[in-house]
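No experiment lies behind these values; they were computed from the predicted model shown.
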Amino acid sequence: MPEWLAALHPFSLHTHRTSAGARMAYVDEGPRGTEAVLMVHGNPTWSFYYRNVVKALSPHIRCIAPDHVGMGRSDKPKDYPYTLARRISDLSELVDELGLTRVHLLVHDWGGAIGLGWAGRHPDRVGRLCILNTGAFRSTRIPLRIALCKNRPFGTWLVRGLNGFAGPATRMAMGRRRLSPDDRRAYLWPHQDWHDRVAVDGFVKDIPMCARHPSYPTLLAVENGLSDLVDKPVRIVWGARDFCFNDTFLREFQRRFPNADTHRLDAGHYVLEDGQPESIALVTRFLSPAAV
């Protein structure tokens with residue numbers, strides 16, 4: 001990691017070898033123990049997205065923020081099974097390896113289906129749930145610009161060849177302000193060329209829009225598993241300017257978690273960036289041990 005990035009993301013590198021054979025990087029900060037806040041990112045971000053939450057919470061509780069295989073500081077194999085099922089398995093293996101028995105989840109974007117997918121399989125190990133702009137259930141809604149990126153082969157050429165997903169996201173995922181030049185550079189650092197963008201493309205292609213899609217049964221199982229989490233303490237921190245995960249998704253989460261404490265902010269998809277300092281405060285107060 002270059003020095004300029006280490007100054008923004010000052011966390012030691014830890015790695016886990018998945019059963020599918022790839023090196024998965026993760027942040028592991030704070031007091032060691034079997035209770036932790038697990039922060040699951042989406043596409044096209046990496047653990048950098050959670051840096052301010054880690055800095056605020058790690059003096060008080062263990063903070064784990066993995067980089068999905070193909071993202072961030074993890075390996076980027078060209079032939080890895082970049083599917084929802086594999087992502088949930090990778091996360092489950094990491095949690096087991098770290099010996100975590102009580103997990104508080106913070107999820108965003110595709111991290112919602114991945115993290116809540118794990119949680120639905122292990123409700124007895126789940127504490128609090130903090131949900132940012134994401135989805136964890138079937139939907140027929142997809143913005144045209146993302147649908148274009150799903151197209152084969154045009155979408156692959158756009159995403160991997162022209163950086164037409166991660167690049168525009170640094171602008172389109174913001175609503176009321178712009179990322180600083182250094183923060184924008186940090187988000188793009190893992191996705192520098194055709195090879196590095198393999199998982200960005202894989203994430204887009206893995207969005208199941210119909211029952212014929214290979215990941216559809218997995219997403220359906222994630223959706224069904226949400227009912228086993230309904231009694232958990234839930235806080236929703238939502239960017240109201242999100243062009244993708246809009247209020248349609250928010251209302252569905254509120255329907256499934258009727259007791260959720262919801263905070264709808266004037267912010268875009270990258271709500272932890274665009275909605276700060278309010279978004280960071282809402283997340284850290286809820287996930288802090290003092291919230292118990």
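- Contact annotation: the side chain of P66 approaches that of L91 to within less than 4.5 Å [non-hydrogen atoms, C-beta and beyond].
- Legend: residues meeting side chain to side chain donor-acceptor pair (under 3.5 Å) with R212, ordered by chain and number and at least two apart, are absent.
- Salt-bridge check for R51 with D183: passed, with a basic side-chain N closer than 4.0 Å to an acidic carboxylate O.
- In the hydrophobic cluster analysis, where Ile, Leu, Val, Met, Phe, Trp and Tyr join through side-chain heavy atoms closer than 4.5 angstrom, V27 is grouped together with Y50.
- Within a 6.0 Å radius of CZ in R176, other residues, nucleotides and ligands contribute more than 12 heavy atoms.
- A salt bridge links R235 with D261: at least one charged nitrogen is closer than 4.0 Å to a carboxylate oxygen.
- By the side-chain contact (heavy atoms from CB on, under 4.5 Å) test, T15 is found to be paired with L13, R23, residues two or more places apart in sequence or in another chain being considered.
- Remark: E273 does not engage R184 in a salt bridge, criterion side-chain N to carboxylate O under 4.0 Å.
- Residues meeting the side-chain contact (heavy atoms from CB on, under 4.5 Å) test with T134, sequence neighbours left out: V107, I131, F253.
- Both F48 and L272 sit in one connected hydrophobic cluster of ILVMFWY residues. Membership requires side-chain heavy atoms under 4.5 Å apart, directly or through other members.
- The heavy-atom pair separating P10 from K55 by the smallest distance is CD-CE, 3.8 Å.
- In this structure, F245 and H269 have parallel ring planes: the angle between them is below the 30° cut-off, well short of the 60° mark.
- Between the D206 side chain and the L84 main chain, a donor and an acceptor come within less than 3.5 Å of each other.
- With sequence neighbours left out, T140 forms a side-chain contact (heavy atoms from CB on, under 4.5 Å) with no residue at all.
- With a 4.5 Å cut-off on side-chain heavy atoms, V271 and L265 count as touching.
- Ring to ring, H191 and W46 are not that close: their centroids are 6.0 angstrom or more apart.
- A salt bridge links E223 with R256: the distance from a Lys NZ or Arg NE/NH1/NH2 to an Asp or Glu carboxylate oxygen falls below 4.0 Å.
- Between Y49 and H108, the gap from one ring centroid to the other is short of 6.0 Å.
- By the salt bridge (Lys or Arg N to Asp or Glu O under 4.0 Å) test, E29 is found to be paired with no residue, residues two or more places apart in sequence or in another chain being considered.
- Ion pairing between a basic and an acidic side chain is recognised when a charged N comes within 4.0 Å of a carboxylate O; D193 and R197 show no such pairing.
- Scanning for side-chain contact (heavy atoms from CB on, under 4.5 Å) contacts around K232 gives V126, L129, L229, with sequence neighbours left out.
- Under the 6.0 Å cut-off for aromatic ring centres, H68 and H41 qualify, their centroids lying closer than that.
- Formation of a donor-acceptor pair under 3.5 Å by the N246 side chain with backbone atoms of T248 is found in this model.
- By the rule that hydrophobic residues join a cluster once side-chain heavy atoms approach within less than 4.5 Å of another member, L132 and W118 end up as members of separate clusters.
- Between D96 and R125, at least one side-chain nitrogen of the basic residue sits less than 4.0 Å from a carboxylate oxygen of the acidic one, meeting the salt-bridge criterion.
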### Task
With side chain to side chain donor-acceptor pair (under 3.5 Å) as the test, would you mind laying out the steps for Y216 and R138 before giving the verdict?
CA-CA 8 Å; Y216 187 91; R138 295 164 295 167; 3.1 Å; yes

